[in-house]
Every structure is written in structure tokens, then in C-alpha cells.
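Numbered from 1 within each chain, the chains take letters A, B, ... in sequence-line order.
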Protein chains: 2
Amino acid sequence: MANIYDVAKAAEVSPATVSRVLNGGSVSSERAARVRAAAEELGFRPNRVARGLRRQRSDVLALIISDIENPFFTALARGVEDVARASNLSVVLCNADDDPEKEAEYLDVALAEHMAGVVIFPASHAETDVTALLDRGVPVVAVDRSPESATIDTVTADDENGAYAVTRHLLDEGYRRVACITGPRASSAAMVRLRGFLRAHREGEAPRRRPRVAYADFRVRGGYQAMSELLDLAEPPDAVLATNNLMAAGALAALHDRGLRPPEVGVAAFGDTFWSQLVRPALTTVRQPAYEIGQAAAELLLKRRHTPDIEPQRLVLPTRLEIRGSSRRTAATEPTPTAGPAASADAVVGAEQPAGPGQPTGQATGQVRATGRGRLTRPRRPDAMT
Amino acid sequence: MANIYDVAKAAEVSPATVSRVLNGGSVSSERAARVRAAAEELGFRPNRVARGLRRQRSDVLALIISDIENPFFTALARGVEDVARASNLSVVLCNADDDPEKEAEYLDVALAEHMAGVVIFPASHAETDVTALLDRGVPVVAVDRSPESATIDTVTADDENGAYAVTRHLLDEGYRRVACITGPRASSAAMVRLRGFLRAHREGEAPRRRPRVAYADFRVRGGYQAMSELLDLAEPPDAVLATNNLMAAGALAALHDRGLRPPEVGVAAFGDTFWSQLVRPALTTVRQPAYEIGQAAAELLLKRRHTPDIEPQRLVLPTRLEIRGSSRRTAATEPTPTAGPAASADAVVGAEQPAGPGQPTGQATGQVRATGRGRLTRPRRPDAMT
DNA sequence: CTGTTAGCGCCTTCAT
DNA sequence: ATGAAGGCGCTAACAG
């Protein structure tokens with residue numbers, strides 16, 4: 001494979017001139033043309049490894065996530081990618097699989113490869129250690145939570161207010177015993193969301209009794225079991241908030257198995273996904289601005305890459321409440337339709353359309369991208385968040 | 001950051017000795033211990049960029065996929081990863097987004113970074129060009145289809161027989177006008193699946209009339225429109241096969257909007273996903289062995305890495321038919337249940353359980369991994385494929 | 001604007 | 001078993 005010396009020889013210039021042509025140094029247009037022609041002729045591709053060694057920095061950015069199967073991350077990845085590509089950086093995805101050890105390996109790779117930067121969704125608050133990267137000047141931005149090991153740029157969704165808003169919504173719909181299925185106590189996300197849930201209960205005009213909280217494992221099965229146990233109580237809840245989409249799926253299955261059907265029992269969930277609009281009735285969710293988080297993280301990275309010494313920032317992005325049939329009690333008290341099982345339960349607020357013709361496409365291929373591309377033709381409700 | 005010279009000095013040996021300790025050369029155990037201690041002390045991390053430059057090869061493997069949001073790829077990625085990690089290779093994911101240009105960029109990166117190998121799901125049969133990689137000795141394995149530009153190792157699912165089997169199943173269930181919603185004519189996957197569909201029709205005891213085929217775009221919206229048009233025909237189909245999961249979602253929505261409900265109209269789809277078991281009734285699918293494909297691809301890559309000159313291989317892996325409520329006409333002719341809209345439509349074949357407690361978890365976290373880990377406790381039906 | 005030169009960190013002969 | 005030395009391909013500093 002040709003290198004710059006070969007090109008230089010063919011173009012009858014020095015290697016430095018070839019390098020300048022490649023990297024935008026000042027070269028007479030005549031020589032530059034000769035270089036380009038020679039490079040083309042020889043099929044020359046600059047060797048990034050050598051360049052990286054010399055420059056002590058590559059132009060590849062690592063995005064380390066904990067679960068590639070989670071739609072949140074796919075949207076996040078697009079946000080990172082779109083911003084990075086605009087700055088001529090490539091993004092590689094590393095799937096740490098929620099395993100601190102695997103994550104450490106990828107952090108090692110990022111370090112040893114002198115990557116341009118790392119966007120990381122830390123597998124663990126305590127164990128994730130990014131100091132080695134920082135010591136070597138590799139910018140690191142954390143998403144969702146920040147590692148204990150260092151104070152760094154962080155981008156998070158405003159989960160607490162999201163949980164608060166959706167809980168308020170359930171209470172406002174007239175549900176009286178709203179329960180929460182949340183994740184393990186060790187998960188800060190689970191705790192933050194729970195906090196918002198509890199705050200909404202404390203604030204009501206009439207003080208309410210302490211709401212039921214079930215701790216599960218962020219998985220479908222856990223959601224199923226938690227919901228089942230809640231329904232077995234002497235005073236079962238009449239609505240439930242699941243703090244992630246998998247547990248919501250489990251909760252829906254549990255309800256279904258007992259012949260209960262939202263919004264008879266109200267259901268809402270954290271995390272808007274592909275199937276949120278696909279199930280009948282469609283599921284009320286708190287949408288996390290995954291794409292925007294990715295964008296913001298990449299932007300912070302680029303900023304810090306340019307000016308390493310600015311103060312670490314903490315960005316908190318608002319969530320959005322997507323109110324759908326699963327939590328609209330009003331729809332449930334209407335007469336049951338005859339045509340199809342859920343023909344009216346799909347009715348949703350305002351200008352939103354039923355899950356049929358158009359919207360699901362947006363969801364499937366990444367609704368969040370729509371924002372970036374201006375393809376979001378549906379009138380947007382104002383954010384339910386303050 | 002410390003380099004081997006620093007370590008060598010601290011350990012009072014030569015840099016070559018340090019290198020040998022790192023890479024398993026012969027070093028006296030006493031010196032080796034000194035080197036290790038010094039390396040530990042200095043927090044030394046070998047610089048992979050320099051190593052890559054010297055060795056002309058990295059130990060990172062690229063997986064270039066066309067759509068990170070497609071569950072097929074997430075499972076595929078796990079398969080690649082698990083095999084690669086066993087050989088101490090890291091895997092980075094590159095999301096080419098079905099864009100040949102983006103794909104070319106990532107191929108470029110893989111080339112310029114001297115990656116250990118590339119597993120690629122080619123965005124285009126015609127445009128994807130991997131010759132540059134091959135010329136430089138970077139092994140490339142194609143998944144699903146092989147690029148026109150070269151004959152290389154390829155791993156595919158047996159889509160034609162999968163389509164054949166599921167179509168047979170629909171016919172055997174007694175559906176008489178089975179239509180197919182397939183992808184664009186330019187997509188070889190769409191054409192191969194269609195071929196299986198048509199073959200099943202030709203083979204029946206009684207020759208059947210030529211079945212309806214709708215060409216759509218592999219997206220939800222396209223599936224919706226195609227289904228709508230099929231239903232508008234004078235003789236609408238009583239069953240439909242969608243050749244990917246997104247179009248299936250669209251088709252389901254279209255049926256729903258007309259008050260039709262599977263299995264009244266039979267529905268089956270290519271691609272088993274998270275929500276296949278979540279919808280009611282659960283969706284009959286042709287499961288593609290994504291994880292296994294990933295494994296096989298990585299294994300081919302490793303093999304070729306070691307022995308570059310073996311003949312290119314073509315592996316074809318069997319699909320599996322997952323029969324669920326959406327295509328079981330017998331269930332549909334039973335009296336409509338009173339408790340909940342879908343209480344009985346969930347009944348599924350054999351030992352398979354309803355979508356509640358356990359199975360969805362397996363799905364959500366990657367059913368295919370279960371196979372690898374031996375966690376698949378449910379009795380397996382024999383493969384419907386021959 | 002252009003060429004010469006040194007060296008990024010490592011591995012790998014080649015000697016010993 | 002060990003050390004010395006060259007060079008992978010590129011860029012940045014310095015001269016001209």
C-alpha cells in the first residue's frame with residue numbers, strides 16, 4: 001500500500017508537501033494538484049495509525065454503552081454520531097453489557113488507542129474509573145450519571161421531574177391509588193424517578209396516604225411479578241408507574257393475565273419505545289430525550305477537546321410526557337366500542353394521531369431524528385415539563 | 001504517560017525485555033517480575049497505536065451494520081462480540097445507517113486503522129466495495145448478502161426456506177388467500193423471501209391461483225399502506241406474510257384500524273423481535289438466527305486471519321418458525337371470550353407459555369443468548385425447517 | 001511556499 | 001536469555 005513517500009516521489013515533491021496537501025497546509029495549487037493526482041493514481045490512503053502515533057490523538061470517538069438492545073441507546077448513539085460526523089470524527093460503539101469489567105476493557109482500549117474522546121454511560125457509579133483517560137487528556141463525558149471517580153461533564157435527563165409530571169397526570173386523571181414499580185435501590189435512576197413519584201404524592205391538595213412502591217429489577221419478569229404482587233394486595237393500586245419500559249411490559253402482561261385492561265388500571269412508563277404506540281391501548285410514557293442527550297454529550301466533548309480546562313458542566317435535559325390511552329381514564333368510562341377491541345382507547349390528546357399510518361414509522365426509524373431533520377410534521381404539544 | 005523505556009529504566013533492563021514480557025518472549029522469571037513490578041508502579045499501558053504501526057495490524061474488529069435500531073443487528077453484534085472477545089479482540093460497532101457513503105467511510109476507517117477484520121452487513125450489493133480492505137489483507141466477512149465487488153466469506157440465514165415454511169404453515173392452517181408484503185425489488189432479502197413464499201404456493205396438492213404480492217419499503221408506513229391496499233381488493237387476502245418486522249407492525253395497525261383482528265386474518269412476519277410476543281395475539285414469526293450468524297461470521301474471520309488463503313466459504317444457517325396466535329385459525333373460530341378482548345387468543349402451541357412471566361425476559365435481553373448459555377428451559381419444538 | 005529531519009512508542013531482527 | 005538498533009508512516013519544527 002502506498003505511503004506518502006511513494007506519493008511524494010510520484011508527484012516529485014517532498015513528503016512534507018504531501019502531508020500539507022492532506023491536512024490543509026499552504027501549498028501552491030499547481031503542486032497540490034500534482035499531489036492529488038498522484039495520490040489518486042496510487043490509491044493512496046493516509047495511515048491513521050501512523051498519524052495517530054505522531055499526533056498522539058486519533059479522530060475516533062468511543063461511545064461506551066451498557067446495553068445495545070436498549071432503544072434509548074440507539075437513539076443516543078445517533079445523537080452522538082450526527083454531531084461527531086459534522087466534525088469529521090468517526091464514532092465506534094462499545095457494548096459494555098452492564099459489566100464493569102467489560103467496560104473497563106473498553107476504557108482501556110479507548111486509552112491505548114488514544115481515542116479522541118469517550119462518551120460513556122457508566123455501568124456503575126462506584127466502579128467506573130475514568131481517571132486514567134483524564135490523566136492522559138482524553139475528554140470524557142458521562143451520560144445519565146457521573147462516575148464517582150472524577151468530576152466530569154455530564155448530561156442527564158430530568159428524570160425526577162419527568163416522574164413527577166407523569167405521576168401528577170395519573171392523579172389528575174382521578175386515579176386514587178397510584179403505585180410505582182421501580183428498579184433496584186442501587187440504581188440511581190430508579191431512585192431519582194421514585195423521588196419524583198413520591199414528591200407528586202406529597203404535593204396534592206389533599207395529603208394522600210403513602211403510596212405503594214415495589215422494587216424490581218428493570219426487567220420484564222420483575223415487572224410482571226411486582227405487578228402481580230401489587231394486585232394481590234388487599235387494596236390493590238388502580239394505577240401504576242413503571243420506571244422503565246421492560247418492567248412496563250411485564251406489568252401489562254400481568255394485568256392482561258388477570259383480565260384487567262388499561263386504562264381501567266392506569267399504566268404509565270418511563271422510556272418511550274417502538275412498541276409504546278403499538279400496544280392497545282397505547283402506552284403513556286415519559287420520553288427521555290435520548291437523541292438530544294447524545295448530541296449534547298458530543299458537543300461537550302468537542303468543546304472540551306478544544307479547550308480542555310473549562311469547568312466540568314452538568315446538563316439536565318427535560319423529559320416529555322406522552323399521554324396515551326393507557327392512562328386516560330375518561331376514555332375507559334365511555335361505552336365499549338363494538339367494532340374493535342380498542343377502537344376508542346386509542347384516542348389521544350390534542351393533535352396526536354392514532355398509532356396507525358404515519359407515526360409509527362417515525363418511531364421505528366428513530367423518532368428523535370425527526371427533530372434533527374425537521375421531519376416532525378405533527379403539531380407538538382408544549383412540553384409537559386416546567 | 002509511561003512508555004516501555006521508562007519501564008525498562010525503572011526495571012533496569014532493556015526496552016526489548018519489557019516488550020518480551022508484554023508479548024510472551026523468553027525472559028528470566030526474575031527479570032520478568034521486575035518488569036511487571038515497574039510497569040505496575042508506573043501505571044504503564046502499552047500504546048496500541050504504536051504497536052499497531054509497528055505490527056501493521058490492530059486487535060480491534062469492526063462490525064459495520066446498516067441499522068443499529070434493528071434488533072436483528074443487536075443480536076448479531078452479541079454473537080460477533082462473544083467470539084471475538086474469546087480471542088482477545090475488541091469489537092467496535094459502526095452504524096452505516098443504510099447509507100453507502102457512510103458505509104464507505106467506515107470501511108475507510110477500518111482500512112486506515114488497520115483493523116483486525118471487518119464483519120459487514122453490506123448496504124448495497126452493487127455499491128459496497130471491500131476490495132481495498134482485501135488488497136491490504138484485512139479479512140472481511142459479509143453477513144446476509146455478499147457484495148458484488150469480491151467473493152468473500154459469507155454467512156446468511158436460509159430465508160427462502162424460512163419463507164417457504166411459514167407460508168406452508170399459513171396454508172396448512174386453512175387460509176386460502178395468503179398475500180405477501182415484501183420489500184423493494186432491489187433488495188435481495190425481499191426477493192429471496194418472496195421466492196420461498198411463491199414456492200409454497202406452487203407446491204400445494206391443489207394448484208392455487210397466483211397469490212397477491214405487494215411491494216413496500218420495509219417500513220411501518222409501507223406495511224400499513226400495502227395492507228390497506230390489499231384489504232381494498234375485491235377479494236382481499238385472509239392471511240398475510242410480511243417480510244420484515246416493521247412492515248408487520250404496519251400491517252397489524254392497518255388491520256386494527258378496520259376492526260380486523262388476527263387470527264381472523266392470519267398474520268406472520270419475518271424477524272422475531274421483542275414485541276412479537278408482546279402484542280395480542282402474539283405474532284407468528286420466522287426467527288433469524290442472528291446471534292449464531294454473528295458467531296459464525298466472527299469465527300470465519302478468525303480462521304481467515306490465521307490462514308488467509310483458504311477458499312471463501314458460504315454458510316447458510318436455518319431459520320426457525322415461531323408459531324403464535326396471529327396465525328392459528330383454530331383459536332379464532334372459538335367463541336369470543338368475555339373477560340378480556342384477547343384472553344384466549346394467546347393460546348399457543350405445545351409447551352410454549354403465554355407472553356407473561358418468563359419468556360419475554362429472554363426476548364428482551366436477547367433470546368438468542370439463551371441458547372449459548374443453556375438457559376433455554378422451555379421445551380423446544382423441533383425446527384420447522386428441513 | 002517548500003524541503004529536510006527527527007521522532008511519536010513499539011516490536012523485531014540481529015548480534016551477543 | 002538479553003541488548004542494540006532500525007523503522008513502521010506520518011507530522012511538526014526548523015531552515016531555506
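Of the candidates D:dG3, D:dC10, C:dG9, D:dG3 carries the atom nearest the B:Ser14 side chain, counting heavy atoms from C-beta on. Ranking D:dA12, D:dC10, D:dT2 by closeness to the B:Val27 side chain, first place goes to D:dT2. Listed nucleotides: C:dG3, D:dA12, D:dC10. Nearest to the side chain of A:Arg55: D:dA12.
Among the heavy atoms of the strands, none lies under 4.0 Å from B:Pro15.
One can place CZ of A:Arg54 at 12 Å from C1' of C:dG9, the figure rounded to the nearest angstrom. Between the C1' atom of C:dC10 and the CZ atom of B:Arg45 lies a distance of 15 Å, rounded to the nearest Å. Taking atom CZ on B:Arg34 and atom P on D:dA1, their separation rounds to 16 Å, with Å as the unit. Summarising the geometry, the separation between NZ on B:Lys9 and P on C:dG9 is reported as 13 Å, rounded to the nearest angstrom. Between the CZ atom of B:Arg57 and the C1' atom of C:dC10 there is a distance of 16 Å, rounded to whole Å. Distance B:Asp59 CG to C:dC11 P: 11 Å, rounded to the nearest Å. Taking atom CG of residue A:Leu53 and atom C1' of nucleotide C:dC10, one finds them 8 Å apart after rounding to whole Å. C:dT5 atom C1' lies 12 Å from atom CD1 of A:Ile4, rounded to whole Å.
Note on A:Ser28: every side-chain N or O is 4.0 Å or more away from OP1 and OP2 of C:dC1. Taking side-chain N and O atoms only, A:Asn47 has no distance below 4.0 Å to OP1 or OP2 of D:dG9. Listed pair B:Arg51 / C:dG9 fails the phosphate criterion, with no side-chain N or O lying under 4.0 Å from OP1 or OP2. For the pair A:Ser26 and C:dC1, the criterion of a side-chain N or O lying under 4.0 Å from OP1 or OP2 is met. One finds a side-chain N or O of A:Gln56 lying less than 4.0 angstrom from the OP1 or OP2 phosphate oxygen of C:dG9.
Two residues are said to be in side-chain contact when any heavy atoms from C-beta on lie closer than 4.5 Å; B:Ile120 and B:Glu103 meet this criterion.
Using a distance-only test at 3.5 Å, with no hydrogens or angles considered, a donor-acceptor pair links the side chain of A:Asn3 to the main chain of A:Tyr5.
With hydrogens and angles left out, the side-chain atoms of A:Ser146 and A:Arg314 include a donor and acceptor closer than 3.5 Å. For the residue pair A:Glu105 and B:Ser90, no side-chain donor N or O sits within less than 3.5 Å of a side-chain acceptor on the partner.
The residue among A:Val13 and B:Leu22 whose nearest nucleotide of DNA chain C lies closer to the 5′ end is A:Val13. When each of A:Arg20 and B:Thr17 is assigned the nucleotide of DNA chain D with its nearest heavy atom, B:Thr17 is the one assigned upstream, toward the 5' end. Mapped onto DNA chain C by nearest heavy atom, A:Tyr5 and A:Arg31 fall at different nucleotides, with A:Arg31 at the one closer to the 5' end.
Under a cut-off of 6.0 angstrom, the local environment of CD in A:Glu311 is sparse, with at most 12 non-hydrogen atoms contributed by other residues, nucleotides or ligands.
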